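Every value quoted in this text rests on a predicted model; they were computed, and no experiment measured them.
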Amino acid sequence: KEIRAAVATAADHQLNGRQTVLFVDEVHRFNKSQQDAFLPHIEDGTVVFLGATTENPAFELNNALLSRVRTYVLKSLEPEDIVQLLRSALSDREHGLGARELDLIPVALERLAVAADGDARRALSLLELAADLAIDGRVDEAVLADAQKGSLRRFDKGGDAFYDQISALHKSVRGSDPDASLYWLCRMLDGGCDPQYIARRVVRIASEDIGNADPRALELSVAAWHSLERLGSPEGELALAQAVIYCAAAAKSNAVYNAFKAAMAFVQGRGSDPVPDALRNAPTALARELGHGATYRYAHDEPDAFAAGMSYFPESTGEPRFYQPVDRGLEQRIAEKLDALRARNTAARES
């Protein structure tokens with residue numbers, strides 16, 4: 001209703017040669033069809049449209065509206081900017097704290113600016129709280145500590161900050177930097193992230209970025225998750241930190257991750273290739289008459305428990321290679337073993 005009234009007023013202004021700026025705060029709260037209602041008024045110049053949102057517009061605004069506007073990303077204020085704001089508030093006798101006789105220790109404004117974490121509104125609230133807590137107007141270390149209690153860093157539990165920080169944690173572990181990994185872990189925990197979510201991601205990291213180069217990473221990550229479930233927070237978070245540091249320091253391999261993706265793409269790109277007769281189950285007389293399992297060679301009855309020359313793929317697929325071990329950690333040994341077994345396969349088939 002308010003938007004319709006504003007557009008009607010803007011149309012009257014347009015007839016008189018005046019432009020109207022329509023500012024819509026938290027524009028993401030309009031659903032997609034409601035957002036479409038802005039389009040004709042933007043296109044014909046009835047309004048100069050300004051929309052503000054704390055969400056990622058790429059996810060929350062429809063493409064039609066985004067294509068007709070320019071997006072500006074607002075960054076957090078720097079501490080020195082916030083100090084300037086606080087000084088203005090202290091000198092403003094009408095609307096600020098200028099009418100109150102406050103005695104601040106030299107580092108007070110800098111400390112409050114850092115605690116505000118780039119948020120001017122939070123900075124002003126902290127300053128006002130410190131002024132209220134001050135005894136005889138004295139804002140000292142004790143007052144500052146009291147005012148900053150419970151002041152959390154930016155974290156939105158589902159928006160860009162959430163996904164940016166879990167991305168930073170993942171990339172730090174992948175990059176083998178335990179200190180940066182621990183930093184991002186603590187940033188997320190400090191911001192109120194569910195540690196169970198982080199535990200699930202660490203298990204994923206252990207498979208995706210370490211894999212068989214160091215299988216203990218997966219064991220330790222799962223153990224940390226179980227410890228967290230049993231102990232809760234904050235005790236269980238120490239086990240989570242242990243797993244993060246171990247994963248960051250471990251040998252890295254994405255061979256399992258790549259092999260899984262390649263195999264899945266291969267399967268999804270083909271029809272239902274039949275299971276070879278040798279590999280089929282033969283629980284009935286009819287299955288045995290059809291030759292199911294007849295030519296199967298039980299690996300444990302062969303030298304080194306390896307049936308040289310045996311193929312386990314459908315005949316129609318050939319023998320694609322999905323798993324390519326890297327030359328790091330345990331996968332070096334795995335690669336050597338696989339090369340030796342493949343050589344035996346080739347020799348057996350050629351003989």
Chemist: On a heavy-atom basis, which atom in Q148 and which in A115 lie closest, and how many Å separate them?
Modeler: OE1-CB, 3.4 Å

Chemist: Rest of the hydrophobic cluster containing L290 (Ile/Leu/Val/Met/Phe/Trp/Tyr, side-chain heavy atoms under 4.5 Å)?
Modeler: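 Reading the cluster by chain and number, L290 sits alongside L286.
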
Chemist: Apply side chain to side chain contact (heavy atoms under 4.5 Å, CB included) to the pair V107 and E141, showing each step before the final yes or no.
Modeler: CA-CA 9 Å; V107 296; E141 291 284 356; 4.3 Å; yes

Chemist: Side chains of H170 and R174 only: does a donor on one sit below 3.5 Å from an acceptor on the other?
Modeler: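 R174 and H170 do have a side-chain donor-acceptor pair below 3.5 Å.
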
Chemist: Could you tell me whether the side chains of E331 and Y323 share a donor-acceptor contact shorter than 3.5 Å?
Modeler: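 Y323 and E331 do have a side-chain donor-acceptor pair below 3.5 Å.
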
Chemist: Is it the case that more than 12 heavy atoms not belonging to D136 sit under 6.0 Å from its CG atom?
Modeler: no

Chemist: If we only count heavy atoms from C-beta on, is the L169 to I198 side-chain gap below 4.5 Å?
Modeler: yes

Chemist: Between Q332 (side chain only) and D327 (backbone N and O only), is there a donor and an acceptor less than 3.5 Å apart?
Modeler: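 Here the side-chain-to-backbone pair exists.
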
Chemist: What distance separates S76 OG from D81 CG, expressed to the nearest 0.5 Å?
Modeler: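 Going from OG on S76 over to CG on D81, the span is 11.0 Å.
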
Chemist: Mind checking the OH-CZ spacing from Y197 to R201? Nearest 0.5 Å is all I need.
Modeler: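 Between Y197 OH and R201 CZ, I get 4.0 Å after rounding to 0.5 Å.
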
Chemist: What is the distance from atom CG of L231 to atom CG of L240, rounded to the nearest 0.5 Å?
Modeler: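 The CG atom of L240 is 12.0 Å from CG of L231, to the nearest 0.5 Å.
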
Chemist: State, with a plain yes or no, whether a side-chain heavy atom of H292 is found less than 4.5 Å away from one of T284.
Modeler: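 When only atoms from C-beta onward are counted, T284 and H292 do not touch, as no gap falls below 4.5 Å.
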
Chemist: Side chain of S227, backbone of A239: donor and acceptor closer than 3.5 Å?
Modeler: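 Side chain of S227 to backbone of A239: no pair is present.
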
Chemist: Checking salt bridge (Lys or Arg N to Asp or Glu O under 4.0 Å) for the pair R100/D132: CA distance, chi angles, key distance, verdict?
Modeler: CA-CA 10 Å; R100 300 172 65 168; D132 290 341; 3.2 Å; yes

Chemist: Examine L124 and L104 and state if one hydrophobic cluster contains both, with Ile, Leu, Val, Met, Phe, Trp and Tyr joined whenever side-chain heavy atoms are less than 4.5 Å apart.
Modeler: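 The answer is yes; both residues are in one hydrophobic cluster.
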
Chemist: How about Y312 and Y296: are their ring centres within less than 6.0 Å of each other?
Modeler: no

Chemist: Group every Ile, Leu, Val, Met, Phe, Trp and Tyr by side-chain heavy-atom contacts under 4.5 Å, then state whether L182 and I166 land in the same group.
Modeler: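 Yes: a chain of side-chain contacts under 4.5 Å links L182 to I166.
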
Chemist: Which pair of non-hydrogen atoms, one from L144 and one from I105, has the smallest distance, and what is that distance?
Modeler: CD1-CD1, 3.7 Å

Chemist: Just how far is it from atom CG of L86 to atom CD of E110, taken to the nearest 0.5 Å?
Modeler: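 It is 9.5 Å, given to the nearest 0.5 Å.
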
Chemist: Is the shortest heavy-atom distance from the side chain of L109 to the side chain of L90 under 4.5 Å?
Modeler: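 Yes, close enough: below the 4.5 Å cut-off.
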
Chemist: Can you tell me how far apart OH (Y298) and CG (D301) are? Round to the nearest 0.5 Å.
Modeler: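 The distance works out to 6.5 Å.
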
Chemist: Check A147 against L126 and note the closest heavy-atom contact, atom names and distance.
Modeler: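 Closest approach of A147 to L126: O-CD2, 3.3 Å.
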
Chemist: Could you walk me through whether D103 and R138 pass salt bridge (Lys or Arg N to Asp or Glu O under 4.0 Å), step by step?
Modeler: CA-CA 5 Å; D103 177 19; R138 175 66 175 169; 3.0 Å; yes

Chemist: How about T9 and T20: do any of their side-chain heavy atoms sit closer than 4.5 Å?
Modeler: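 Result no, sub-4.5 Å side-chain heavy-atom pair not found.
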
Chemist: Does the R328 side chain pair with the main chain of A251, one donor and one acceptor, at a distance under 3.5 Å?
Modeler: no

Chemist: Taking all non-hydrogen atoms of both residues, which atom of G236 and which atom of L228 are closest, and how far apart?
Modeler: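 That closest heavy-atom pairing would be C-CD1, 3.5 Å.
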
Chemist: Okay, side chain of T317, backbone of P314: is any donor-acceptor separation there less than 3.5 Å?
Modeler: yes

Chemist: Provide the closest heavy-atom pair for A180 versus S172 in the form atom of the first, atom of the second, distance.
Modeler: CB-OG, 3.8 Å

Chemist: Side-chain contact, heavy-atom cut-off 4.5 Å: D119 with D117?
Modeler: no

Chemist: Treating Ile, Leu, Val, Met, Phe, Trp and Tyr as nodes and any side-chain heavy-atom pair under 4.5 angstrom as an edge, say whether V256 and V222 lie in one connected cluster.
Modeler: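 As far as the 4.5 Å side-chain criterion goes, V222 and V256 are not connected within one cluster.
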
Chemist: Any side-chain heavy atom of D92 within less than 4.5 Å of one from L97?
Modeler: no

Chemist: Grouping I, L, V, M, F, W and Y whenever their side-chain heavy atoms are under 4.5 Å apart, do Y163 and I205 come out in a common cluster?
Modeler: yes

Chemist: Rounded to the nearest 0.5 Å, what's the gap from CG on D177 to OH on Y183? Could you check?
Modeler: 12.5 Å

Chemist: What are the two closest non-hydrogen atoms of I82 and A123, and how far apart are they?
Modeler: CG2-CB, 3.3 Å

Chemist: Show me the pairs that pass salt bridge (charged side-chain N to carboxylate O under 4.0 Å, His left out) and involve residues 13-39, at least two apart or across chains.
Modeler: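 Of all non-adjacent pairs touching residues 13-39, none passes salt bridge (charged side-chain N to carboxylate O under 4.0 Å, His left out).
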
Chemist: How about CD on E302, more than 12 heavy atoms from neighbouring residues, nucleotides or ligands closer than 6.0 Å, or not?
Modeler: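 Check passes, neighbour count above 12.
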
Chemist: In terms of hydrophobic clusters joined by side-chain contacts under 4.5 Å, are F162 and V173 together?
Modeler: yes

Chemist: Taking 4.0 angstrom as the limit, do R349 and E319 come out as a salt bridge?
Modeler: yes

Chemist: Does atom CD of E2 have more than 12 heavy-atom neighbours, drawn from other residues, nucleotides or ligands, at distances under 6.0 Å?
Modeler: no

Chemist: With a 3.5 Å distance limit and no angle check, can you tell me whether Q324 reaches the backbone of N258 through a side-chain donor-acceptor pair?
Modeler: no

Chemist: How would you list all residue pairs meeting salt bridge (charged side-chain N to carboxylate O under 4.0 Å, His left out) that involve residues 59-79, not counting sequence neighbours?
Modeler: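 Passing the test, one end in residues 59-79: E43-R68.
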
Chemist: Report the C-alpha separation of R87 and V83 in whole Å, then their side-chain angles, then the decisive distance to 0.1 Å, and conclude whether the side chain to side chain contact (heavy atoms under 4.5 Å, CB included) test is met.
Modeler: CA-CA 6 Å; R87 286 185 178 137; V83 167; 3.5 Å; yes

Chemist: Linking Ile, Leu, Val, Met, Phe, Trp and Tyr by side-chain heavy atoms under 4.5 Å, what else ends up with F260?
Modeler: M264

Chemist: Sequence neighbours excluded and cut-off under 3.5 Å, please list the side-chain donor-acceptor pairs for residues 334-348, or say none.
Modeler:
residue, atom, partner, partner atom, Å
R344, NH1, D304, OD2, 3.1
N345, OD1, G309, N, 2.6
T346, OG1, R342, O, 3.1

Chemist: What's in the same ILVMFWY side-chain cluster as L65, cut-off under 4.5 Å, chained through other members?
Modeler: I3, V7, L22, V24, V27, F30, F38, L39, I42, V47, F49, L61, L66, V69

Chemist: Measure the shortest side-chain to side-chain distance between V139 and R111 over non-hydrogen atoms and say whether it is less than 4.5 angstrom.
Modeler: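 They are not in contact (no side-chain heavy atoms under 4.5 Å apart), so the answer is no.
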
Chemist: Crowded around Q19 CD? As in, over 12 foreign heavy atoms under 6.0 Å?
Modeler: no

Chemist: Could you go step by step and tell me if D140 and V143 meet the side chain to side chain contact (heavy atoms under 4.5 Å, CB included) rule?
Modeler: CA-CA 5 Å; D140 54 18; V143 169; 3.3 Å; yes

Chemist: Quick one, C247 and I210 - any side-chain contact, counting heavy atoms below 4.5 Å?
Modeler: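 C247 vs I210: side chains touch.
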
Chemist: Flag yes if more than 12 heavy atoms outside I135 fall under 6.0 Å of its CD1 atom; otherwise flag no.
Modeler: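 No, because the 6.0 Å sphere around CD1 of I135 holds 12 heavy atoms or fewer from other groups.
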
